[in-house]
Amino acid sequence: MKKLAILLLMLCAAGIQASFPVLLAADEIRVYVDGTPVAFPDQKPVITGEKRTLVPVRFVTQVLGADVFWDEVTKTAVIENQGKTVTIRSGEKKATIDSAEVALDTGAALMNGRMMVPLRFVSECLGAHVEWNGSQRAVYIATDLSPASIFSGQPYRDLGLPAAGDAQPTASRQPGARVQYVESKELPVDLGGYIIYSVAINDEHICVKQYSRDGSPCPLYIAENGIITRARLFPADIQPSSIFVYKYPLAGEASSEAGLGVLKARNISHLMFEGCINGDPVYLVVNNSSSSSIK
């Protein structure tokens, strides 16, 4: 009789466990938005039995910039952003995007008084790119990703920037090499294995939000007063996600920099990014005609 009672208790416990999502330790998961780590001061992210990440709905308002309205009676969160409305209720494996109902592979849940929502689903509804890095147990989110325009360059020999010393990229001498000049407001542009989304320059770095097919930063050449003088090539510096903000240092050694001295942000006239389309080298030149044009 005692053995039967123990067996019944074990079965009941198994049934209870099966009725709730299995959650991994909260401190095992890190979340980054545009390369910046996100702090969760109280309720941490968790991973469900379906291997999906849940985060507090507060994350959506504070980091992704949406408005969230909470209905305590129905346990429902309504998320609004740029004319889109997402409705999701605790305990349900479905949500509503505007008027269309969609199925979820994991539902929202209340934990420690916090509404926890599926990170990937909500982020992608708001137009962000989400990437899970299993080896680092980290989620990388990229925001403000406008559709990239197609590269439309002309022959490099006609529009190429002059170069000092050996700063000119070797591939630019190939017959099929092309170049396109743009202002920063005309980004993003697709360079084949790379997409350049935005650029920003401060006193220490050239910060480039980009997509890279293999996770390596796009080769960058720097022009001072219209002449290419320096290279920033870091092919071995593989990033943990395919969309990232890479900080090319203004200081540092490169093969083409001997005797040039310190590079100052105000002296940069152009940034030239190197890609490859259909086997031909392509170069995107971003104009920085004034030091205040890219902040």
Side-chain angles (χ1 to χ4, degrees), residues 15-134 136-148 197 211 240-244:
I16 292 172
Q17 184 178 8
S19 65
F20 291 94
V22 177
L23 303 176
L24 299 183
D27 59 1
E28 294 182 2
I29 308 159
R30 292 172 293 164
V31 178
Y32 297 84
V33 175
D34 294 328
T36 301
V38 178
F40 295 91
D42 42 28
Q43 178 60 55
K44 307 295 184 181
V46 296
I47 295 182
T48 70
E50 296 90 356
K51 297 183 179 180
R52 297 294 182 264
T53 304
L54 300 181
V55 294
V57 74
R58 178 191 295 179
F59 165 86
V60 178
T61 60
Q62 293 182 338
V63 181
L64 297 184
D67 295 319
V68 177
F69 305 93
W70 172 248
D71 187 329
E72 178 63 29
V73 176
T74 61
K75 310 298 183 188
T76 301
V78 179
I79 303 168
E80 296 182 354
N81 185 60
Q82 297 182 354
K84 178 182 289 186
T85 301
V86 180
T87 304
I88 185 168
R89 181 178 297 177
S90 176
E92 292 188 353
K93 284 193 173 183
K94 62 181 180 179
T96 301
I97 303 176
D98 294 331
S99 59
E101 186 175 286
V102 296
L104 303 176
D105 48 15
T106 192
L110 284 171
M111 295 185 62
N112 300 321
R114 299 290 185 187
M115 175 65 162
M116 305 288 287
V117 296
L119 174 60
R120 179 179 293 276
F121 168 75
V122 172
S123 299
E124 291 180 348
C125 281
L126 300 179
H129 171 86
V130 181
E131 205 165 320
W132 166 254
N133 187 308
Q136 295 192 1
R137 299 199 59 76
V139 180
Y140 292 87
I141 300 173
T143 63
D144 301 325
L145 301 178
S146 302
Y197 285 100
Y211 160 83
S241 63
S242 62
I243 298 179
F244 52 91

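Quick note: residue numbers are just sequence positions, from 1.
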Using distance only, find each side-chain donor-acceptor pair of residues 66-79 under 3.5 Å and give its atom names and separation, not counting sequence neighbours.
unit_1: W70; atom_1: NE1; unit_2: E72; atom_2: OE1; d: 2.7
unit_1: D71; atom_1: OD1; unit_2: V73; atom_2: N; d: 3.0
unit_1: D71; atom_1: OD1; unit_2: T74; atom_2: N; d: 3.2
unit_1: D71; atom_1: OD2; unit_2: T74; atom_2: OG1; d: 3.3
unit_1: E72; atom_1: OE2; unit_2: K75; atom_2: NZ; d: 2.3
unit_1: T74; atom_1: OG1; unit_2: T76; atom_2: OG1; d: 3.0
unit_1: K75; atom_1: NZ; unit_2: E72; atom_2: O; d: 3.3
unit_1: T76; atom_1: OG1; unit_2: T74; atom_2: O; d: 3.2
unit_1: T76; atom_1: OG1; unit_2: R89; atom_2: NE; d: 3.1

Validation: residues 115-124 side-chain donor-acceptor distances under 3.5 Å, sequence neighbours left out:
unit_1: R120; atom_1: NH1; unit_2: E124; atom_2: OE2; d: 3.2
unit_1: R120; atom_1: NH1; unit_2: V130; atom_2: O; d: 3.1
unit_1: S123; atom_1: OG; unit_2: L119; atom_2: O; d: 2.8

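Looking at residues two or more places apart in sequence or on another chain, you find no ring-ring contact (aromatic ring centres under 6.0 Å, His included) involving F244. Residues passing the ring-ring contact (aromatic ring centres under 6.0 Å, His included) test with Y211, sequence neighbours excluded: none.
For the atom pair CD of E80 and OG1 of T87, the computed distance is 8.0 Å after rounding to the nearest 0.5 Å. Rounded to the nearest 0.5 Å, atoms NE2 (H129) and CD1 (I141) are 10.0 Å apart. How far CD of E50 is from OG1 of T106: 4.0 Å, rounded to the nearest 0.5 Å. For the atom pair CZ (R30) and CD (Q136), the distance works out to 5.5 Å, reported to the nearest 0.5 Å.
Here the closest non-hydrogen pair linking R137 and I47 is NH2-CD1, 3.4 Å. Scanning all heavy atoms of the two residues, the minimum distance from N112 to Q43 falls at ND2-OE1, 2.7 Å. The minimum heavy-atom distance between G65 and N81, with the atom names listed, is O-OD1, 3.6 Å. Between A142 and I243, the shortest heavy-atom contact is CB-CG2, 3.4 Å. Nearest heavy-atom pair, Y32 versus A138, reported as atom, atom and distance to 0.1 Å: CE1-CB, 4.0 Å.
The backbone N or O of S241 sits nowhere less than 3.5 Å from a side-chain atom of N133 that would complete a donor-acceptor pair. In this structure a side-chain-to-backbone donor-acceptor pair under 3.5 Å is present from E131 to S242.
Residues in residues 77-103 take part in no ring pair (Phe, Tyr, Trp, His ring centres under 6.0 Å) pair, two or more places apart or across chains. Pairs passing the ring pair (Phe, Tyr, Trp, His ring centres under 6.0 Å) check and including a residue from residues 49-68, sequence neighbours excluded, read F40-F59.
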Task: Pair D98-K84, side chain to side chain contact (heavy atoms under 4.5 Å, CB included): steps then yes or no - done: CA-CA 6 Å; D98 294 331; K84 178 182 289 186; 4.1 Å; yes
Open item on the list: Does I88 form a side chain to side chain contact (heavy atoms under 4.5 Å, CB included) with L104? I'd like the steps, not just the answer.
Closed with: CA-CA 10 Å; I88 185 168; L104 303 176; 3.7 Å; yes
